[in-house]
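What follows is a set of notes on a single structure, which appears directly below.
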Amino acid sequence: MAPLSPRLAAAVDALPLEPHLRVLEIGCGPGAAARAVAARLVTGHVLAIDRSATAVEQACRTCAAEIASGRLTVRQRAAEDFVPEPGEGPFDLVFAFRVGALDGRHPEAGRRVLARLAAALTPTGRVFVDGGDPLRELARETVGRASGS
């Protein structure tokens, strides 16, 4: 397996991961970050989603060991349509790198995604996106406001 790019490694290192967390990655692509996060979990779990069937296929292939270990699940789903399946949530931590709906490129889709996330997070759940140094955390109020809570 190829190592993470320096940018992606810095972002994963910046996530406040703990061994027991339930983590959601939005826009997992070929699964590099999901694999790196899963490696840091002991009893936790990562659900990695992507709208692209090709990306999900790649992630399933490159993350086969993590999937087999039970620390990672990969599913095809657009973030704005995401609803956790039974047993998947709620999530303690959500992260997304280069996802247009969460980095400001597609604001209307972003509002829909944030509403979905508000419903899928634990009461203390946190959301991280790129655009900081190396990440920025979305304020809980921002996520809740998008859902109308």
Side-chain angles (χ1 to χ4, degrees), residues 1-106 109-110 112-122 124-140 142-143 146-147:
M1 229 27 64
L4 291 178
S5 69
R7 179 192 66 82
L8 202 51
V12 169
D13 286 344
L15 291 170
L17 295 170
E18 295 179 32
H20 64 279
L21 294 181
R22 296 183 71 82
V23 179
L24 171 64
E25 180 182 10
I26 298 171
C28 68
R35 192 171 55 253
V37 169
R40 298 174 189 210
L41 301 179
V42 177
T43 58
H45 186 265
V46 179
L47 172 62
I49 66 170
D50 200 292
R51 69 177 61 245
S52 163
T54 301
V56 167
E57 240 176 69
Q58 289 176 320
C60 286
R61 202 170 39 254
T62 62
C63 299
E66 292 78 12
I67 292 168
S69 77
R71 288 191 321 269
L72 176 64
T73 302
V74 180
R75 185 153 63 94
Q76 184 180 358
R77 180 70 53 202
E80 57 270 24
D81 298 326
F82 176 71
V83 175
E85 291 182 357
E88 283 183 340
F91 297 95
D92 304 295
L93 189 144
V94 176
F95 71 97
F97 306 137
R98 294 193 175 163
V99 173
L102 293 172
D103 67 10
R105 288 180 284 160
H106 304 289
R112 292 194 312 268
V113 171
L114 291 174
R116 296 291 183 162
L117 293 182
L121 285 168
T122 64
T124 58
R126 300 170 72 185
V127 178
F128 294 87
V129 298
D130 51 350
D133 185 21
L135 297 174
R136 65 184 171 97
E137 182 173 2
L138 299 182
R140 184 64 192 206
T142 300
V143 176
S147 71

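Remember, it's a predicted structure, so these values are computed and weren't measured experimentally.
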CG of L72 to CG of L41: how many Å apart, nearest 0.5 Å? 9.5 Å

Using side-chain heavy atoms (C-beta onward) and a distance below 4.5 Å, is V37 in contact with L21? no

side-chain hydrogen bond (donor to acceptor under 3.5 Å, both in side chains) involving R98 - partner list, sequence neighbours excluded: none

Taking all heavy atoms of V74 and all of C28, pick out the closest pair and write down the distance. CG1-SG, 4.4 Å

Among all residues two or more places apart in sequence or in another chain, which pass the side-chain hydrogen bond (donor to acceptor under 3.5 Å, both in side chains) test with D81? none

In the structure I gave you, are the side-chain heavy atoms of R35 and T62 within less than 4.5 Å of one another anywhere? yes

Mind checking salt bridge (charged side-chain N to carboxylate O under 4.0 Å, His left out) for E18 and listing every partner two or more places apart, or none if nothing turns up? none

Heavy-atom closest contact (G29 atom, A59 atom, distance): O-CB, 3.6 Å

side-chain contact (heavy atoms from CB on, under 4.5 Å) with A79: which residues, sequence neighbours excluded? I26, V113

Residue pair V83 / R116, side-chain heavy-atom distance below 4.5 Å: yes

Could you tabulate the donor-acceptor pairs under 3.5 Å formed by side-chain atoms of residues 88-96, not counting sequence neighbours?
{"residue": "E88", "atom": "OE1", "partner": "R75", "partner atom": "NH2", "Å": "2.6"}
{"residue": "E88", "atom": "OE1", "partner": "E85", "partner atom": "N", "Å": "2.7"}
{"residue": "E88", "atom": "OE2", "partner": "R75", "partner atom": "NE", "Å": "3.2"}
{"residue": "D92", "atom": "OD2", "partner": "R22", "partner atom": "N", "Å": "2.7"}

Here the pair of heavy atoms bringing E66 nearest to A38 is CG-CB, 4.0 Å

Check: V56 main-chain N/O paired with Q76 side-chain donor or acceptor under 3.5 Å: no

Check whether any side-chain heavy atom of V129 lies under 4.5 Å from a side-chain heavy atom of R136, and answer yes or no. yes

Return the set of residues passing side-chain contact (heavy atoms from CB on, under 4.5 Å) with A139 (not counting sequence neighbours), or none when no residue passes. E141, T142

Let me have the donor-acceptor pairs involving side chains of residues 5-16, under 3.5 Å, with sequence neighbours excluded, atom names and distances please.
{"residue": "S5", "atom": "OG", "partner": "L8", "partner atom": "N", "Å": "3.1"}
{"residue": "D13", "atom": "OD1", "partner": "R40", "partner atom": "NH1", "Å": "3.3"}
{"residue": "D13", "atom": "OD1", "partner": "R40", "partner atom": "NH2", "Å": "2.6"}

Which atoms form the tightest heavy-atom contact between G27 and V99, and what is the distance? CA-CG2, 4.1 Å

Selection residues 45-59 - residue pairs positive for side chain to side chain donor-acceptor pair (under 3.5 Å), sequence neighbours left out: H45-T73, R51-E80

